[in-house]
Peer 1: 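There's a structure below that I have some questions on.
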Amino acid sequence: MLKIGQFECHSIETSEFGLDGGAMFGIIPKPLWEKKIPADSQNRIPMVTRSLLLISDNKKILVDTGNGTKWSEKLKHIYNIKTDRYNMESGLGNLGISSNEITDVICTHLHFDHIGGNTKWEDGKIVPTFPNAKYWMPKENLDLAKHPSQKDQGSFMEQDWKVLEENGMIQIVDGTSPFLEGIDFILTHGHTKGMLHPIISDGTQTLFYGADIIPSSAHIPIPWIMAYDIDPVLTVDEKAKLLPKMLDENWIIFFEHDQKVQAGTLKQEGKHFSLDKEIVISG
Ligand SMILES: [Zn+2]
């Protein structure tokens with residue numbers, strides 16, 4: 001288990017799912033990406049949703065909540081969503097933690113595969129999964145989620161935040177002011193507007209939550225970006241700025257969607273960045 005400053009860091013896989021490999025790798029030709037992650041018969045690549053749990057003396061903070069469990073059979077089938085092997089309840093349960101104990105949920109952005117687990121069905125109603133938590137959301141992305149573009153409206157589902165808003169459980173993050181001792185944020189705007197990346201650091205070790213700018217170890221090279229991005233040119237610029245800094249300062253990147261690799265550090269050969277050392281956060 002990784003410990004950074006006051007925080008014990010845990011990796012919790014909350015579901016398996018699959019998205020179209022072409023959409024996940026944008027302009028990269030299939031003969032290249034399929035060597036990294038082979039596709040299934042429907043051209044989907046296997047992925048997971050992976051949350052980061054940070055435990056200190058007085059906080060239990062989750063970063064993102066994955067696909068959750070509110071899925072119709074039709075959508076489960078399209079996205080190949082499975083929660084039998086991994087799910088939030090058993091992930092927390094294995095650590096002896098109940099959902100009532102979570103104090104804070106940091107939502108990187110409001111796409112369904114990142115905040116679907118914010119809420120759940122209970123007795124025919126949608127209720128907060130973490131009844132005692134504050135749910136921290138980036139303002140710009142919440143605004144976009146309420147008024148999405150035609151391109152990304154399929155990625156937002158109101159059921160993931162409406163009941164939280166009604167119950168006054170949402171806290172807005174601007175992404176520029178300090179959050180908590182040992183946790184800062186970086187905002188990026190290429191994948192979606194105002195995506196929040198928590199950075200956990202004690203000055204010696206730094207863990208960067210990759211969210212959808214570096215969702216897997218295969219997405220480290222600068223041009224390997226998703227076709228889902230609302231501004232792919234900006235994503236490339238953002239990666240081109242971030243990667244040299246991450247390498248210089250030996251940051252550990254947390255891969256939210258990588259089926260196999262929880263986290264890792266970077267190396268550079270010429271202009272090409274790739275995974276150097278795999279890091280097991282926990283499990
Ligand atoms: Zn996303």
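First listed ligand is number 1; within each ligand, the first listed atom is number 1. The shown structure was predicted, so the numbers you read here are calculated from the model rather than taken from an experiment.
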Peer 1: Going by side-chain hydrogen bond (donor to acceptor under 3.5 Å, both in side chains), name the pairs with one or both residues in residues 81-98, residues two or more places apart or in two chains.
Peer 2: Glu16-Arg85, Asn87-Ser90
Peer 1: Mark yes or no: Lys239 above the aromatic ring of Trp224, with NZ or CZ under 6.0 Å from the six-membered ring centre and no more than 45 degrees from the axis.
Peer 2: no
Peer 1: Counting C-beta onward and ignoring hydrogens, is there a side-chain heavy-atom pair between Val105 and Asn118 closer than 4.5 Å?
Peer 2: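 Val105 vs Asn118: side chains touch.
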Peer 1: Centres of the Trp161 and Tyr135 rings: under 6.0 Å?
Peer 2: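 Between Trp161 and Tyr135, the centre distance exceeds or equals 6.0 Å.
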Peer 1: Which residue pairs satisfy the side-chain hydrogen bond (donor to acceptor under 3.5 Å, both in side chains) criterion with at least one member in residues 195-218, sequence neighbours excluded?
Peer 2: His109-Asp212, His114-Asp212, Thr188-His197, His191-Asp212, Ser201-Thr206, Tyr209-Glu256, Asp212-His257, Ser216-His219, Ser217-Asp258
Peer 1: Side chain to side chain donor-acceptor pair (under 3.5 Å) with Thr14: which residues, sequence neighbours excluded?
Peer 2: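 Only Thr49 meet the side chain to side chain donor-acceptor pair (under 3.5 Å) criterion with Thr14.
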Peer 1: Around the Zn ion (ligand 1), how many protein N/O/S atoms fall inside 2.8 Å?
Peer 2: 4
